[in-house]
Amino acid sequence: MSYPSVQDGFVRVAAAVPPVAPGAVPANAAAVLELARRAHTDGCDLVVFPELALTGYTCADLFHQDPLLDAAESALAALLEQTRNLAPVLVVGLPVRSGPHLFNAAAVLGAGRLLGVAVKSFPPNYGEFYEARWFTPGHQAPAEITLAGATVPCGPDLLFSAAGRPEFTLGVEICEDLWAPEPPGGALALAGALLLCNPSASDELVGKAAYRRQLVAQQAGRCLAGYVYVSAGPGESTTDVVYGGHALINENGVLLAEGERFVRGPTLAVADVDAAFLLRERRVNRTFAVAAARHGERRTDGGIRRITFTHQPAPRTELRRTVNPHPFVPADTAERDARCAEIFAIQSSGLATRLARTGLTSVTLGVSGGLDSTLALLVCAEAFARLGLDKTGIQAVTMPGFGTSARTLRNVRALCRHLDIPLRSIDIRPACRRHLRDIGHDGVTGDIAYENTQARERTQLLMDLANLNRGLVVGTGDLSELALGWCTYNGDHLSMYAVNTGVPKTLVRFLVAWVAKNRATPAAAHVLDDILDTPVSPELLPLDAAGAIHQKTESIIGPYELHDFFLYEFVRRGAPPPKILRLAELAFAGRYEEPEIRRWLKLFITRFFAQQFKRSCLPDGPKVGTVALSPRGDWRMPSDATPELWLAGL
């Protein structure tokens, strides 16, 4: 298996919590070195240690003692020598002198070289914190400082960038800086920092860990950045407060890794940050670009200073992050139920508003006994309930064709009966046979014309019935079908409002299951459960000899769970196909082999490009998640674009 790594834009970062005791500088430095070596073995590019890790954060007035400050500088010099052959860049907290000032700082080390010294902008001086007693705010730091025998840039405005690796660019803000109204990390991100590091010494209070997670997530999300946060551990003084060693790694608001707090020994939280994705997000997000331009125009101090360094990544044999095989479906049951409730509310509210604004009290939709039309029917019932309309205004129409099975027909009738929704049945086979004769088709060959004749006959009936009843046609097709073009142009492709257009197939199943569990009567839930067990099929080709469904969608175009994974990575994260392939191998290990994944990925790309013309003229429908394909909103693409560049890597 080929693991995604540096070539795919991943940067491996670590939040390290060494056992630290206040004033025990040699032992503290040894603990830092031990974790640096562990991180090197783990293939890390970057390791962040807690605030003032070399001395301990809780030294108080000992910070005014030269023996402590001398020992910290000597320990830093030793670390530089001892880490000369280690791959990771290290961010190590220590106190730094400059004339009459003392700064709460973080030294940035790379391959035995001191790259620069970042300083804390906002030393806190309230509550249990009184750093202003010892430390000077960062804006008073000199532009350069001599430390451990090297003269290097100093200040809160430093950006560190690996030569030849634009995705490995980092900035440092220290503890309280994150709590400030305008954290300095924001300016560093606008200047290009994709990774924000925070050496911290936040003490533990009830509820504070959850608040830290929120702060880190918000900063990472606002800055479209990776964020490595690590706080001082339980070895610090407990005179008035306790420190837990909170380690967090976040990517654009999503938690990638979190260390266990209150551990007595050394801990290392490691994760691979997808910096290539973050770069892409910044290109797509024009708000970020405008903010960066305005920030540059406002600065009068010469702007952020960039320090370039050489970095040789360590070899890796695995990806240190979870790759969710079902990115649209939360794994946690409670979170999944909450998402289903919200999506169902968005869908039904969208339809309710459309009805209210048009003054219509009637809808028409085709119901087949499949998942998509079932969900659309449930959404219609919910929309009518929101408006206080009589459900007799919902005109459900089932239209048996050449491939309709007894099972799906039975389920449609039972579901409408239990939902108290009127159902009309129109056998389309006579009309389709007549039409096939009119166009010179033999009426037997199961070709595209044979299949699409049925889809277009159904759409024509629905449109005319809607006109007859002064209503609108509700579309049933889902997001996955739109991505693959698995719909008939001028057939089920068209409607007057498409309620499922933002819902991927893998999520449709869970939405129907959620309604069965939370909104349906036991009798209706029983029918919904059987619909969930029915094979996905357009039912356009004749049944097999036993009367069972013969035409199964996923045996023709591939598993929807794979296609939804491809869709998310391709559209939402902008990943190139080779990277998608490698991620899919990890996500579906043990379920699909590489040749099968590659086969369906090629088909996805080919169809996604070839079927754009259907997406270019979609009916209105509500967006429910971060991936949508409306030509009026999220996705614009020429209908005759060629996929060769994307297929070349496969």
Side-chain angles (χ1 to χ4, degrees), residues 15-37 47-83 90-109 114 117-120 123-125 127-136 138 145 147-149 172 174-176 198-204 230-247 261-268:
V17 184
V20 168
V25 177
N28 295 343
V32 167
L33 179 60
E34 178 191 345
L35 283 175
R37 287 171 172 163
V47 190
V48 183
F49 293 90
E51 184 176 9
L52 300 171
L54 290 184
T55 58
Y57 176 77
T58 51
C59 289
D61 284 354
L62 294 178
F63 284 123
H64 288 317
Q65 297 287 317
D66 283 337
L68 182 70
L69 303 179
D70 291 341
E73 186 168 358
S74 296
L76 178 63
L79 271 177
L80 287 168
E81 181 61 33
Q82 293 161 336
T83 59
L90 310 178
V91 179
V92 183
L94 78 163
V96 172
R97 292 167 290 192
S98 176
H101 300 293
L102 183 67
F103 295 98
N104 184 336
V108 181
L109 292 63
L114 182 60
V117 176
V119 295
K120 189 172 187 175
N125 213 53
E128 65 267 40
F129 300 105
Y130 36 92
E131 285 188 33
R133 182 180 177 95
W134 315 293
F135 298 112
T136 300
I145 196 167
L147 184 66
V172 180
I174 300 175
C175 196
E176 182 74 9
N198 191 323
S200 176
S202 177
D203 57 325
E204 298 300 336
V230 60
S231 186
E236 292 283 358
S237 171
T238 58
T239 301
D240 289 307
V241 294
V242 171
Y243 298 85
H246 201 180
R261 291 182 295 150
F262 305 109
V263 175
R264 305 303 300 180
T267 65
L268 197 67

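Just so it is clear, the structure is predicted and the values come from calculations on it, not from any experiment.
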Hey, which of L35, V91, V17 is the one that makes side chain to side chain contact (heavy atoms under 4.5 Å, CB included) with F49?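 One option only clears the test, and that one is L35.
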Salt bridge (charged side-chain N to carboxylate O under 4.0 Å, His left out) partners for [X], two or more places apart:
X	result
E204	R212, R261
E51	K120
R133	D61

Gap separating the [atom1] atom of [X] from the [atom2] atom of [Y], nearest 0.5 angstrom:
X	Y	atom1	atom2	result
I174	F135	CD1	CZ	9.5 Å
Y57	S202	OH	OG	9.0 Å
L69	T55	CG	OG1	8.0 Å
H64	L102	NE2	CG	7.5 Å
L52	E131	CG	CD	7.0 Å
N104	E176	CG	CD	11.0 Å

Quick one: does [X]'s side chain have a donor or acceptor within less than 3.5 Å of a partner on [Y]'s backbone?
X	Y	value
E73	A148	yes
T136	H101	no
E236	Y243	no
N198	C175	yes

Report the residues that fulfil side-chain hydrogen bond (donor to acceptor under 3.5 Å, both in side chains) with [X], sequence neighbours left out, ordered by chain and then residue number.
X	result
N125	none
S98	none
E128	none

What pair of heavy atoms forms the shortest contact from [X] to [Y], and how long is it?
X	Y	answer
L62	L68	O-CD2, 3.4 Å
A247	A15	CB-CB, 3.7 Å
L147	L114	O-CD2, 3.6 Å
P95	A72	CD-CB, 4.3 Å
V20	G56	CG1-CA, 3.6 Å

Side chain proximity check, V108 to L90, heavy atoms < 4.5 angstrom: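 Not touching, per the 4.5 Å side-chain cut-off.
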Taking C-beta and beyond as the side chain, do L33 and L79 meet within less than 4.5 Å on heavy atoms?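 The answer is yes, as the side chains (C-beta and beyond) meet within the 4.5 Å cut-off.
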Side-chain donor-acceptor contact under 3.5 Å, T239 with S237: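 On atom types as modelled, these side chains qualify, holding a pair under 3.5 Å.
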Is the count of non-hydrogen atoms from other residues, nucleotides or ligands lying under 6.0 Å from F262 atom CZ greater than 12?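 More than 12 within 6.0 Å, yes.
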